[in-house]
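In what follows, a single structure is set out as structure tokens and then discussed.
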Amino acid sequence: MQEYISQAISGAKITAKGYAVADKNAKFTPYKFTRHALGERDILMEILFAGICHSDIHNARSEWGEGIYPMVPGHEIAGRVIAVGSKVSKFKVGDYAGVGCMVNSCGECEACKASNEQFCQNTIYTYNCKDCFHGGEPTYGGYSDNLVVSEDFAVTVPQNAPLDKVAPLLCAGITTYSPLKFSKVSAGKKVGVAGFGGLGVMAVKYALKMGAEVFVFARNKNKEQDALKLGVKALYTTDKLSEVKERFDLIISTIPTAYEPMDYVRLLGYGGEFCVVGLPPAEVMPQIAINSLVFAGHRRVYGSIIGGMKETQEMLDFSLAHGIYPETEIITAGKIDEAYEKLTTGKAKFRYVIDIKKSKF
Ligand code: NDP
Ligand code: ZN
């Protein structure tokens, strides 16, 4: 780390070690690269834990469009600040910090001013993105040993927080917390969560804490006991949706594969909402015909992408205050391919988190 700190202090580009894929069919291999020099409002973090989100798989395999390779994925990042730029006010060396899907935005548009940085036209994603604020260089994510990021895009994490559990909150947490707040979920509301993986389990935990009655939709009953233990009323399998009698105020889809959205819209009560966060591969992207929406009558469908920085800090504070954490399994970076395999063949439970310190680069 001393080498990185010296580079930061001298204003040089910062070298980093990570795991990358060379193309959409490749396996992960160790990869050395550089990050932009520490700007006056930037922090340099030593990454300690990085979650594996299903979006990483979609990106690494170019399932949403051609990716930028070599690609170092990872946007659920928790670590320690090891250097700060001269005008940084939120962090000092030694603090813990968390970074999610964004590392910068224009800071001037209406969306940014409202702390909806995720809706800025120039959002810089943590990886697989050309950074227009740094000469168009590609960004590299959290499957690596350090990160340089604007302090505005890092959340503060208290010293006593469990960092391995904090990392997945930076994407899985905020992506589910934000729509639950947007839809004003409160005591007595009926909430359905479709897809019970890394995001799904967080949606369940937050909705329960907000007082909702919560139901899960899954492809099979493998995780029924996990759901019931959390306080879920029932787990329905997706082959029997037409038999479900409940009518929901909100259903959140975290499904990453092909499915029929109207099967869920039909389960909404009057004025109910179907929120889409799961984003399947482009070639099997689910479609909704507008005539079916007309006849669905006053049921709303909306999409949601992560959350703004202010709300991300709020989500983290809420999670820590209420002890709401992801279900995690810790791995080393050498096991990323195996984790991807399990996440795409129904063998994973919830979230894999890479212990960066224990990984060899
Ligand atoms: P996971 O792989 O951890 O979980 C997905 C879950 O969905 C698994 O439990 C899987 O079950 C289940 N599933 C798969 N297909 C179906 C189906 N047809 N019907 C019901 N359940 C199904 O993924 P994540 O939770 O990390 O991510 C989920 C999706 O959300 C991804 O598409 C990801 O890209 C997207 N995402 C979107 C964000 C946003 O801002 N909008 C942010 C983060 C992620 P099984 O065990 O059967 O495979
Ligand atoms: Zn994610």
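Counting convention: from 1, in listed order, for ligands and their atoms alike. The model shown is predicted, which means the values in this text are computed figures rather than measured ones. Reckoned from all heavy atoms, side chains included, excluding hydrogens, waters and symmetry mates.
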Nearest protein heavy atom to [atom], by residue and atom, and its distance?
| atom | result |
| --- | --- |
| atom 37 (C) of ligand 1 | Val277 O, 2.9 Å |
| atom 4 (O) of ligand 1 | Gly197 CA, 3.3 Å |
| atom 43 (C) of ligand 1 | Cys171 SG, 3.2 Å |
| atom 38 (C) of ligand 1 | Thr175 CG2, 3.5 Å |
| atom 46 (O) of ligand 1 | Gly346 CA, 3.5 Å |
| atom 29 (C) of ligand 1 | Thr254 O, 3.3 Å |
| atom 10 (C) of ligand 1 | Arg219 NH2, 4.5 Å |
| atom 25 (O) of ligand 1 | Leu199 N, 2.8 Å |

Next item on the list: Give a yes/no verdict on a cation-pi contact between Lys223 and Phe350, requiring under 6.0 Å between NZ or CZ and the six-membered ring centre and an angle within 45° of the axis.
Entry: yes
Student check: side-chain heavy atoms of [X] and [Y] closer than 4.5 Å:
| X | Y | value |
| --- | --- | --- |
| His36 | Asp42 | yes |
| Glu246 | Lys190 | yes |
| Asp249 | Val191 | no |

Looking at ligand 1, does any of its N/O atoms fall within less than 3.5 Å of an N/O of [X]?
| X | result |
| --- | --- |
| Phe217 | no |
| Phe196 | yes |
| Leu279 | yes |
| Tyr259 | no |
| Gly198 | yes |
| Tyr264 | no |

Notebook entry, point to check: Which option out of Ser304, Ala203, Cys53, Gly200 puts a heavy atom nearest to atom 41 (N) of ligand 1?
Noted result: Ser304
Item checked: Test side chain to side chain donor-acceptor pair (under 3.5 Å) applied to Arg351 and Glu76, Glu327, Glu329, the passing residue -> Glu76
Notebook entry, point to check: Which class fits the ring pair Phe33 and Tyr31: parallel under 30°, tilted 30 to 60°, perpendicular over 60°?
Noted result: parallel
Would you check whether [X] reaches within less than 4.0 Å of ligand 1, judged by its heavy atoms?
| X | value |
| --- | --- |
| Trp64 | yes |
| Ala258 | yes |
| Ala194 | no |
| Arg351 | yes |
| Lys223 | yes |

Between the side chains of [X] and [Y], is a donor N or O closer than 3.5 angstrom to an acceptor N or O?
| X | Y | answer |
| --- | --- | --- |
| Tyr140 | Thr126 | no |
| Tyr143 | Asp56 | yes |
| Arg41 | Ser86 | no |

Next item on the list: Give the atoms of ligand 1, by number and element, whose distance to some non-hydrogen atom of His54 is under 4.0 Å.
Entry: 1 (P), 2 (O), 23 (O), 24 (P), 26 (O), 27 (O), 31 (C)
Check: Counting from 1, what ligand 1 atoms have a heavy atom of Thr238 closer than 4.0 Å?
Finding: 19 (N), 20 (C)
Checklist line | Joint hydrophobic cluster, Phe91 plus Tyr4, side-chain heavy atoms closer than 4.5 Å | finding: no
Margin query: Within 2.8 Å of the Zn ion (ligand 2), is there any N, O or S atom belonging to Cys101?
Written below: no
Checklist line | Whether Cys53 has an N, O or S atom under 2.8 Å from the Zn ion (ligand 2) | finding: yes
Notebook entry, point to check: Does the gap between the ring centers of His298 and Tyr270 come in under 6.0 Å?
Noted result: yes
Next item on the list: Spell out, as yes or no, whether a donor-acceptor pair under 3.5 Å connects the side chain of Asp131 to the backbone of Ile124.
Entry: no
Notebook entry, point to check: Which one of Tyr264, Phe196, Phe248 satisfies the ring pair (Phe, Tyr, Trp, His ring centres under 6.0 Å) criterion with Phe215?
Noted result: Phe248
Notebook entry, point to check: Out of the N/O/S atoms in His75, what is the name of the one closest to the Zn ion (ligand 2)?
Noted result: NE2
Note to self: Run the side-chain hydrogen bond (donor to acceptor under 3.5 Å, both in side chains) test on Glu314 and Tyr177 for me, step by step, so that the C-alpha distance in whole Å, both residues' side-chain angles and the decisive distance to 0.1 Å come before the verdict.
What the structure shows: CA-CA 10 Å; Glu314 177 191 307; Tyr177 179 87; 2.5 Å; yes
